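Just below is one structure, and these are the notes that go with it.
All values below were derived from every heavy atom in this structure, side-chain atoms included, with hydrogens, water molecules and symmetry-related copies excluded. These figures come from a predicted structure and were not determined experimentally.
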Amino acid sequence: QRLDRLSEHARRLLAAASAFPGTFHLDAAAQCAGIGTDDALAGLDEALEAKLVRGAGNSDDYAFWNTLIRQVLYEALAPARRAHLHRDLARAMQSEHESRAAARAGAIAEQFWLSRELPGAAAGVEAALTAAERAEVASDLETSARFLAMTLDLLPSGDPRRTSVQGRLAQAVSRSG
């Protein structure tokens, strides 16, 4: 019922945001929702006032108060729409300034991985490798292994990097216990 009271811009913003598994990035969600900055901010204000979302760290990062709301919005999207939305979100985050894209490499990789059945998902390989390297540096071998597995799913079958990624994945799995 709270969703019914929102403007069209707010509903479109939240539908796009629902494709993020956790924290969502306002700029990327707005871009994929096809709404401008002013409409996105107005929609965000509505969602904040309705207690549907809350701030989650950076000024551009938000999360749904209740994962059930996110899930309802997400499941209302057709499967093909979901896949395209994931790819569009990945591309939107990837096109951000390089320093921001590096910090969001994991989120970018995950969005490309979730759209892996669509053409162009291999564009997420570098983000997945960056996320794996960042996790390795932080000694988070389980997360590194997860991103290396994503990399293998995203890599084209004949890619020469496949063997080295498989080796790194095997090492990460064996070292993580």
Side-chain angles (χ1 to χ4, degrees), residues 1-116 118 121 123-124 127-128 130-135 137-138 140 142-147 149-150 154:
Q1 288 179 330
R2 288 189 285 172
L3 293 171
D4 294 337
R5 292 184 232 142
L6 297 176
S7 69
E8 177 66 20
H9 293 303
R11 286 194 303 271
R12 286 173 45 198
L13 177 68
L14 293 179
S18 75
F20 286 95
T23 300
F24 68 89
H25 310 295
L26 178 62
D27 291 342
Q31 184 177 340
C32 291
I35 58 178
T37 303
D38 290 340
D39 289 332
L41 291 171
L44 177 65
D45 287 341
E46 288 180 55
L48 287 165
E49 186 175 319
K51 301 273 190 250
L52 295 170
V53 300
R54 59 181 167 74
N58 297 329
S59 63
D60 192 38
D61 295 340
Y62 295 87
F64 286 90
W65 272 105
N66 185 327
T67 58
L68 184 59
I69 293 169
R70 187 198 71 78
Q71 186 177 359
V72 166
L73 286 164
Y74 185 71
E75 289 178 3
L77 302 171
R81 180 77 173 120
R82 289 181 207 158
H84 283 271
L85 181 57
H86 288 298
R87 184 183 59 190
D88 293 346
L89 286 169
R91 287 177 174 168
M93 288 186 293
Q94 198 173 42
S95 70
E96 292 179 342
H97 189 271
E98 188 176 315
S99 63
R100 268 184 108 172
R104 293 183 176 169
I108 293 167
E110 190 163 21
Q111 294 296 334
F112 273 119
W113 184 80
L114 289 167
S115 69
R116 65 191 175 278
L118 296 176
T130 298
E133 289 168 13
R134 290 172 66 101
V137 167
D140 185 350
E142 287 180 22
T143 299
S144 177
R146 184 168 62 89
F147 285 115
M150 281 184 195
L154 294 172

Hey, could you give me the CG/CG distance between D39 and L44, rounded to the nearest 0.5 Å?
12.5 Å
Taking the six-membered ring of F112 as reference, does the NZ or CZ atom of R87 fall below 6.0 Å from its centre and within a 45° cone about the axis?
no
Can you name the nearest heavy-atom pair linking A107 to H25, along with the distance?
CB-NE2, 4.0 Å
Suppose we screen for side-chain hydrogen bond (donor to acceptor under 3.5 Å, both in side chains). Which residues come up paired with S144, at least two apart in sequence or across chains?
E136
Minimal non-hydrogen separation, A92 against C32, with atom names
CB-SG, 4.4 Å
The side-chain hydrogen bond (donor to acceptor under 3.5 Å, both in side chains) partners of T23 (sequence neighbours excluded) come to none
Minimum heavy-atom separation for I35 to A40, with atom names?
CD1-CA, 3.7 Å
Atom CG of L89 and atom CD of Q31: how far apart are they, to the nearest 0.5 Å?
9.0 Å
Tell me, please, which residues at least two apart from D60 pass salt bridge (charged side-chain N to carboxylate O under 4.0 Å, His left out).
R100, R104
Which residues satisfy the side-chain hydrogen bond (donor to acceptor under 3.5 Å, both in side chains) test with E46, sequence neighbours excluded?
S7
Output the distance between atom CG (L13) and atom CG (L26), rounded to the nearest 0.5 Å.
6.0 Å
Of all heavy-atom pairs between M93 and A28, which one has the smallest distance, and what is that distance?
CG-CB, 3.8 Å
Residues in side-chain hydrogen bond (donor to acceptor under 3.5 Å, both in side chains) with Q111, at least two apart?
H86
Atom pair CG (L114) and CZ (R82), whose distance is rounded to the nearest 0.5 Å
11.0 Å
Going by salt bridge (charged side-chain N to carboxylate O under 4.0 Å, His left out), name the residues that satisfy it together with R11, two or more places apart in sequence or in a different chain.
E8
Can W65 and I69 be said to form a side-chain contact (heavy atoms from CB on, under 4.5 Å), step by step?
CA-CA 8 Å; W65 272 105; I69 293 169; 5.8 Å; no
Show the nearest heavy-atom pair for residues A16 and A29, with the distance to one decimal.
CB-O, 3.4 Å
Between F64 and F24, how do the two ring planes meet: parallel, tilted or perpendicular, split at 30° and 60°?
tilted
Would you check, one step at a time, whether the test side-chain contact (heavy atoms from CB on, under 4.5 Å) holds for T37 with D27?
CA-CA 8 Å; T37 303; D27 291 342; 5.9 Å; no
Where the side chain of R116 meets the backbone of W113, is there a donor-acceptor pair that is under 3.5 Å apart?
yes
How many angstroms lie between CG in L14 and CG in L73, if you round to the nearest 0.5 Å?
6.0 Å
Heavy-atom closest contact (L77 atom, A15 atom, distance)
CD1-O, 3.9 Å
For atom CZ of R54, decide whether the heavy atoms of other residues, nucleotides or ligands shown that lie under 6.0 angstrom number more than 12.
yes
